Amino acid sequence: MQIRDYVLRRLLILPVLIVGVSIIVFALTRIGGSPIGIYLSHEMSAEEVAELEARFHLDEPIPVQYVYWAGGVLSGDLGWSGVAAAPVTEVFPDKLAATMELAVASAIVAVTLGIGLGTFAGARRDRFPDHVTRVVSISGAAMPLFWFAILLLIVFWVYLGWFPIGRSDAQIFASIPHPTGLYTVDALIAGNLTAFRDAVWHLVLPALTLGYGATAIIARMMRSSLVEELQEDYVDAARAKGLPERLVLRRHARRNALIPTVTVIGLSFGFLLQGTVVAEIIFRWPGLGRWMADSVLRGDQATIMTYVLFTSVLFLVVNLVVDVIYAYLDRRVVLGT
Amino acid sequence: MDVTERLPIPPAPPSESALRVRARRAGELTANVLSNPTTLTGLIIILLMISMALLAPWITVPNTPDPTQMPRDWGAIAVPPGSPGHPLGTTNTGGDVLYGVIWGARTSLRLSLIVVSITVTVGVAIGSLAGFLGGRIDEILMRIVDVFLSIPELIFALAIAAVLGPSFRNIILALAVVFWVKYARIMRAQVIHVKQNEYVDAARVIGDAPLRIFGKDILPNSITPVIVQATLDMGNIVLVGATLSFIGLAEAGLAEWGVLVSEGQAGISAGRWWASTFPGMMVFLWALAFNLLGDGLRDVLDPRTETSR
C-alpha cells in the first residue's frame, strides 16, 4: 500500500518537474539574446526582421511564446543545430547511441568495481585494503575528470600506446553495417570479432575516466553498509550455524548491504551523465556531450537547450526508477513503521 | 560506557560569562577537529593554497598590465620542467606553468569565496523563509528548489554560462545560480526541526518578536550543516568552475587552472605532459583538501550524521 502511494506521488510530481525544467530552459533561450539571431543579417530591412519575428511568434507575449515553443518541442521540432548544420532531431539519434554506449560501459565499470572494492574493504575493516579503498573513494569526489582523462591519455596513449582515442578505426568502421549505432552491438550482429575488439578497445579509456567518480561513490556506500550489516544479529546466527565466512558474506551480508547501495548507483548516474561532456571532448568521442561542448562554444542554442532538457528528463526518470526499486527492496523498513 | 553509569553533568560555574563559554567551546572544537590526521592534512593544504593565493604578487613577477593574464615567454616555448626561469616548464604558447599554478590559486580563491558567499546568503534566506513560515510559501519555494535540483549541476552551469557568453565573470554567475539550492533545502529542514524545540516556545511565550526568535534561537542552532556544506562547496565550486573554463568558457590566456590544462592539452600528443598535469593536480588538491576538512567538520559538529569511514 505505502509503496504504491509513494510511487503514485512521485509519478504525479514528475510532469510538474519536467514542466518546471522546460520553463527554465525556455527562460535561458530568452536571456541569451534574440532567439532568431542566427537568421538575421545586416542587409535585412526592418520589415524583414519584423516578418521573421512574426513567423517565430516573437511579437507575442512571453507566456504565449512559451506555449508555441513547448508545442514545437512536443511535436518533435527541436530547432536547427548550427554546429551539425542539420535539424537537431536528425543528428540526435546517432549522437545518443554513441553516448549511451559509453555511459553503459562506464556504468558496468563503476558498478562492478564499486561493489567489488566496497565488499573487499568492508570485509577487511581497518586493515590495509580498507585504507586503500578509502583513499580511492575520497579522492573520487575531488578528482577533476578532465585531469584524470588527460593523465590516462598521457600514460596509455602517448607513452604506452596501448589504447587508441576516437570511437573506431576508420577502415574497420567501414567494413561492417551499423544498424544500431552501438558499435559493439553492431560488430556482434555482423559476427566480426576484429570490429568488436576495436570497439571495446576504443571504449576502455573513456569508460574508465567516466566510471572513476561513480566507482568511488558506490564503493564508499557499499563499504559502510556492509560494515553495518556485518554487525547484525543474523550474521552472528549464520556464523553460529557453522557457515563459512565466505558464504556469510556472499549469501547474507552482501545482499542486504546492496540495498542502500542501489540509491547511490542512481545518484552516480547523474555524475556519469555530466562527465560525458568532458570525457567526450578529451577522447574525441562523437556523442551528445561533445556536441554540447561544441554548441556551447559556438552559441548553438537549439542544441544546448535540447541537451539540457534531455539530460534532465533522463536524470529525473532514472532517479524515480531507482527510488522505486529502493522502496521495493527495502520493504521491511516501510512496512515496519 | 553504559548510559546508567554516566555521571551527572556538573553545572557550569556561575561566574563563567556567556562569552567565555563560547570561547572555551570554540577551543574544544578546534582541538577536536585538529586531532584527526586527515582533517589536519586538508587544513594544511588549504592554508598553503591560501597563502600562495595571497602572496602571488610577491612570489612571482606580476604580468603587466594585467597580472591575471598568463605572461608569454616567446623565447622559451614548450620547455620542460626544470628549465631556467621556468621551474615547471612552459606551454606551447610560452605560458609559464608555475605562474599559472600560483595565480590560478588566487583566481580559484576569488571564485569560490564569491560564489559561496552569494549562494549561502540566498540559500539560507530562502530556506529559512520556507521553513519558518511553512504553508503555501514553503510549498512553492520547495517546488522551485526541486526543479533546480532536476538539472545536473555541471550541465546547468554550462548552459547558463553558454547563454551569458564566455567569460570568467559569467562562470561565477552561472555557479551562483546553480549552487544556492542545496543550502535552501538544508536550511529549511534544519529550521523546521529546530522550530519545535522548547526554547523556541519559551521565547514565544516571553513575547519575543518572530524576527528576534529567528535571529537569536533558530538561526544559530540551524547553521552547522550549512557550514559543513559551504566547506565542501569551496572545493566543489573550483572543481566545476575549472571544468567550465577547461571546456572553454573562460577567457583564453587567463591564469586559471582549467584554462591552463586546456592550453596544455595541445602539447600532449608530442609528449609534453607537464603543462596539463600540474594545474590539474592543483584543482584536485584544492577539492580534496576542502573535502577532507568538510568531512572532519561534519564528524565534530554534527555527531548525529555518522559519515562512512
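Quick caveat, the model's predicted, so the values are computed rather than measured. In what follows, chains carry the letters A, B, and so on, assigned in the order in which the sequence lines appear, proteins first and then strands, with residues in each chain numbered from 1.
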Can you tell whether the side chains of [X] and [Y] come within less than 4.0 Å, N to carboxylate O?
X	Y	value
B:Asp138	B:Arg143	no
B:Glu256	B:Arg110	no
A:Lys95	A:Asp294	no

Per-residue contact mode, [X] against chain A (heavy atom under 4.5 angstrom):
X	value
B:Phe284	both
B:Phe290	neither
B:Asp146	both
B:Leu285	neither
B:Pro166	neither

Interface moiety of A:Val277 toward chain B, non-hydrogen atoms closer than 4.5 Å: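 The answer is the side chain of A:Val277.
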query: Non-hydrogen atoms of chain B under 4.5 Å away: do they reach the side chain of A:Ile18, the backbone, both or neither?
result: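 No part of A:Ile18 comes within 4.5 Å of chain B.
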task: Report yes if the distance between the aromatic ring centroids of B:Trp103 and B:Tyr99 is under 6.0 Å, otherwise no.
output: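 They qualify: ring centres under 6.0 Å apart.
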field: Greatest number of heavy atom pairs closer than 4.5 Å to chain B - which of A:Ile281, A:Leu273, A:Ile282
entry: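 The candidate making the most pairs under 4.5 Å is A:Ile282.
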message: As an exercise: rank A:Val278, A:Leu297, A:Ile304, A:Val16 by heavy-atom pairs under 4.5 Å with chain B and give me the winner.
response: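 Max contact count across the listed options: A:Leu297.
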- prompt: Considering residues, nucleotides and ligands other than B:Ile50, do more than 12 of their heavy atoms fall under 6.0 Å from its CD1?
  reply: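 Buried by this count: over 12 neighbours within 6.0 Å.
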message: A cation-pi test, strictly: NZ or CZ of A:Arg124 under 6.0 Å from the centre of the six-membered ring of A:Phe128 and no more than 45 degrees from its axis. Yes or no?
response: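 Geometry flag: not set, cation outside 6.0 Å or 45°.
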Identify each donor-acceptor pair in which a side-chain atom of residues 140-161 of chain A lies under 3.5 Å from a protein atom, sequence neighbours left out, and give them as a table.
residue: A:Trp147; atom: NE1; partner: B:Thr277; partner atom: O; Å: 2.9
residue: A:Tyr159; atom: OH; partner: B:Gly271; partner atom: O; Å: 3.1

